[in-house]
A.B. asks: 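Have a look at the structure that comes next, please.
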Amino acid sequence: MSFLRRLSRNRLGLLGLIVLFVVVLLALVTPILPLQDPNATETADRFLRPFSEGHLLGTDHLGRDLLSRLLWGTRLSLTVGFAAAVIAATIGAAIGIVAGYFGGTTDNVIMRGVDMLMAFPYILLALAIVAALGPGLLNALIAVAAVNVPFFARNIRGITVGLAHKEWVDAARLSGMGHARIILSEILPNVVPVIVIAMSTTVGWMILETAGLSFLGLGSQPPTADLGSMLGEARAALISAPHTSVVPGLMILIVVMSINLLGDGVRDALDPRLRSGALTRPRPATMVSRKSVPKGEGRGILALQDLETQFHVGRRVYRAVGGVSLHVEPGECLGIIGESGSGKSVTALSVMSLVASPPGVITGGAVRYRDRDLVGMRYLDLRHLRGDRIAYIFQDPLATLHPLYRVGDQLTEAIRVHHRVSGREAWDRAIDLLRQVRIPNAAERANSYPHEMSGGMRQRVGIAMALANDPDVIIADEPTTALDVTVQAQVLSILDDLRRDRGLAIVFITHDFGVVAQLCDRVAVMYAGKIVEQGPTHVVLNDPAHPYTRLLIQSVPELGQGRRDLVSISGLPPPVEDLPPGCAFAPRCPKCEPDCTVAPIPMLGSDHHAARCIHPETPLREAAE
Ligand code: ADP
Ligand code: MG
């Protein structure tokens, strides 16, 4: 269903589908149409022009009705082309799957045979096959199918080789399945889309090849008409009676064009990467569509004011971030904590408009950096700030560092994007940065590739890169989640020193209260795209006001305190495309009261400590809103 919808969104593909449908329909009903006999000659009516009495498209050199010949010829050409495509795809795919699945000698023998077929120009090969078998439509079909087998075999073999070593195939093998069963149930379903795509893009080609052979007199034999032979017979009268060539020529054009357009559409609709929108190039900055801009200056060096970021996928709206307000001062570390999927990363990426668009849209709020609003800022200005004034550290440095460049080069590049310095200078600075993040033997390590370093080392390179231009703010999105505990402690202490020495403001995203306690001055707890509690770390940790915060803290094991029972929060966070009207945590909250589920809950309390709860665990002083 969604395949058809995607196909119909591709206008050219849809056009191809409609045209091809009409042509195929005509070909199907040709026998029951009131047409003249396509082979009945009438020498008196030779070369009648189109729209003549009784002959809508005119007649050919033997006085045969062109319309009738055209429809019968199209029927024949389509049949032969499709049949050749199906035969070539079946045989080619079988060869490819066997070669790719078994590999080794089998693969070598089969593929060298295929290579030998491919070594001949295919038209020559087709001619040779027809010459050997003798002219005739069936032989032309065999020839066209045969020359296309290698194309399918190579294509499918490549895909199969990749699949044959996947874990699920190994698992099937370990569970005792035989080869035939694995091929049919594990491999084949995964290559069928590729076969369909390859077929849909080659059918047109095969119709052309068949027409070519018929044109040369090697395909359909007189008096039977196919598009190629009609063209061949009309050749002699090309100048004197051009319509005899134009009619079959146009039909070939229409058929092949529509098949190719449809084939491209099918390919796009079937390709899973296109399906998720990955190949629609994301914009350089997140789309912004907000009705109003919050007034007032932001506090601190970076302030988010009621920031809202959504994902618009089709008709569905995912409210990933639903009105987040927070700020950081220079030299301060703000922690953002929350379950996976609570919107922490989207909040972080929204700051610099890095949320991929489409589907991301910033639908409200502002991001104030030094009194400038980063939301909706000109792309060029934004680019100047990215990585220079506000820098990011991501979770997986192996994914963010380029595998083919030395880390020194990557640091150098980060510097030279924003500053006009010589390569030498930048390199020296890169080594200095590596030293600052306590990489031993920095001058030599700068020559390493990312894969030559350990995880902790790589993350330190990530930090060095964020520091490269001496930013004001660093946004660290779970930078220590992939590291083990000792390395995590080292990385945290580096970050802690940096903010004290340089007055860096750090927004530190994590799902680990231990890390928050160690590093952060203040903490904001996120749930379902909203901040549910915010305050100084020691206050929030010791006297949490929101039941969610308390449960989160109680679910963290404490070293040496093995006797306390760990709490697990039952249920799951609500889906962000369908949030409840009141408190988003209410369905899971042990203290939920009827009034919790009626209307959205505002942040209550003071600037110092606030929570989005009307029945807090500890009383909150004075209302903030
Ligand atoms: P986390 O707090 O674990 O970092 P994220 O910020 O990555 O969570 O995600 C927040 C929410 O946004 C999740 O519910 C996620 O499903 C949704 N989301 C993220 N990216 C997309 C996207 N491209 N399309 C739709 N929803 C998305
Ligand atoms: Mg995340």
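As a basis for the values below, the full set of heavy atoms in this structure was taken, side chains included, without hydrogen atoms, waters or symmetry mates. Atoms within a ligand are numbered from 1 in the order they appear, just like the ligands themselves.
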A.B. asks: Please check if the side chain of Lys530 supplies one atom and the backbone of Ala584 the other of a donor-acceptor pair under 3.5 Å.
C.D. replies: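 Between the backbone of Ala584 and the side chain of Lys530 there is no qualifying donor-acceptor contact (under 3.5 Å).
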A.B. asks: Counting from 1, what ligand 1 atoms have a heavy atom of Glu339 closer than 4.0 Å?
C.D. replies: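 Listed by number with element: 2 (O).
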A.B. asks: So is there a nitrogen or oxygen of Tyr318 less than 3.5 Å from a nitrogen or oxygen in ligand 1?
C.D. replies: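 Min N/O separation from ligand 1 is not below 3.5 Å for Tyr318.
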A.B. asks: Could you tell me whether ligand 1 has any atom less than 4.0 Å away from a heavy atom of Gly343?
C.D. replies: yes
A.B. asks: Give the atoms of ligand 1, by number and element, whose distance to some non-hydrogen atom of Ala320 is under 4.0 Å.
C.D. replies: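 Atoms satisfying the 4.0 Å criterion: 11 (C), 12 (O).
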A.B. asks: Have a look at Ile390 and tell me which of Leu374, Asp472, Ile474 forms a side chain to side chain contact (heavy atoms under 4.5 Å, CB included) with it.
C.D. replies: Leu374
A.B. asks: With a 4.5 Å cut-off on side-chain heavy atoms, are Leu302 and Leu326 touching?
C.D. replies: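 No, too far: nothing below the 4.5 Å cut-off.
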A.B. asks: Is any side-chain heavy atom of Ile301 closer than 4.5 Å to one of Val473?
C.D. replies: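 Heavy-atom side-chain distance check passes, below 4.5 Å.
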A.B. asks: In terms of the angle between their ring planes, are His546 and Tyr548 parallel, tilted or perpendicular, with boundaries placed at 30° and 60°?
C.D. replies: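 Rings of His546 and Tyr548: perpendicular, over 60°.
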A.B. asks: Do me a favour and list the nearest non-hydrogen protein atom to atom 22 (C) of ligand 1 with residue, atom name and distance?
C.D. replies: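 Of every protein heavy atom, Phe311 CD2, 3.5 Å lies nearest to atom 22 (C) of ligand 1.
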A.B. asks: Within less than 2.8 Å of the Mg ion (ligand 2), any N, O or S from Gln395?
C.D. replies: no
A.B. asks: Within a distance of under 4.0 Å, is there any protein heavy atom near atom 15 (C) of ligand 1?
C.D. replies: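 So atom 15 (C) of ligand 1 lacks protein heavy-atom neighbours under 4.0 Å.
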A.B. asks: Without swapping roles, check the side chain of Arg499 against the backbone of Leu504 for a donor-acceptor pair under 3.5 Å.
C.D. replies: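 No; judged by distance alone, with no hydrogens or angles, the pair does not exist.
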A.B. asks: Spell out, as yes or no, whether a donor-acceptor pair under 3.5 Å connects the side chain of Arg550 to the backbone of Ala545.
C.D. replies: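 No; judged by distance alone, with no hydrogens or angles, the pair does not exist.
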A.B. asks: Looking at ligand 1, is there an atom of it that comes within less than 4.0 Å of some heavy atom belonging to Glu478?
C.D. replies: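 The answer is no: ligand 1 sits nowhere under 4.0 Å from a heavy atom of Glu478.
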A.B. asks: Check the angle between the aromatic planes of Tyr405 and His402 and answer parallel, tilted or perpendicular using the 30° and 60° thresholds.
C.D. replies: perpendicular
A.B. asks: Could you work out, for atom 9 (O) of ligand 1, the closest of Val317, Val346, Val321, Ile337 by heavy-atom distance?
C.D. replies: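 Residue with the shortest heavy-atom distance to the ligand atom: Val346.
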A.B. asks: Quick check: Ser342 and ligand 1, any N/O pair under 3.5 Å apart?
C.D. replies: yes
A.B. asks: List ligand 1 atoms under 4.0 Å from Ser340, heavy atoms only on the residue side.
C.D. replies: 3 (O)
A.B. asks: Give a yes or no on whether atom 24 (N) of ligand 1 lies under 4.0 Å from any heavy atom of the protein.
C.D. replies: yes
A.B. asks: For atom 7 (O) of ligand 1, what's the nearest protein heavy-atom neighbour? Residue, atom name and distance, please.
C.D. replies: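 Checking every protein heavy atom, the shortest distance to atom 7 (O) of ligand 1 gives Ser345 CB, 3.6 Å.
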A.B. asks: Can you check whether Val525 reaches Ile531 side chain to side chain, under 4.5 Å on heavy atoms?
C.D. replies: no
A.B. asks: Please list, in number order, the atoms of ligand 1 under 4.0 Å from a heavy atom of Val576.
C.D. replies: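 Listed by number with element, the hits are 14 (O).
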A.B. asks: Which residue owns the protein heavy atom closest to atom 1 (P) of ligand 1, what's the atom, and how far is it?
C.D. replies: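 Looking at atom 1 (P) of ligand 1, the protein heavy atom closest to it is Gly341 N, 3.4 Å.
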A.B. asks: Grab the two heavy atoms, one from Ser357 and one from Met287, that are nearest each other, plus how far apart they are.
C.D. replies: OG-N, 2.8 Å
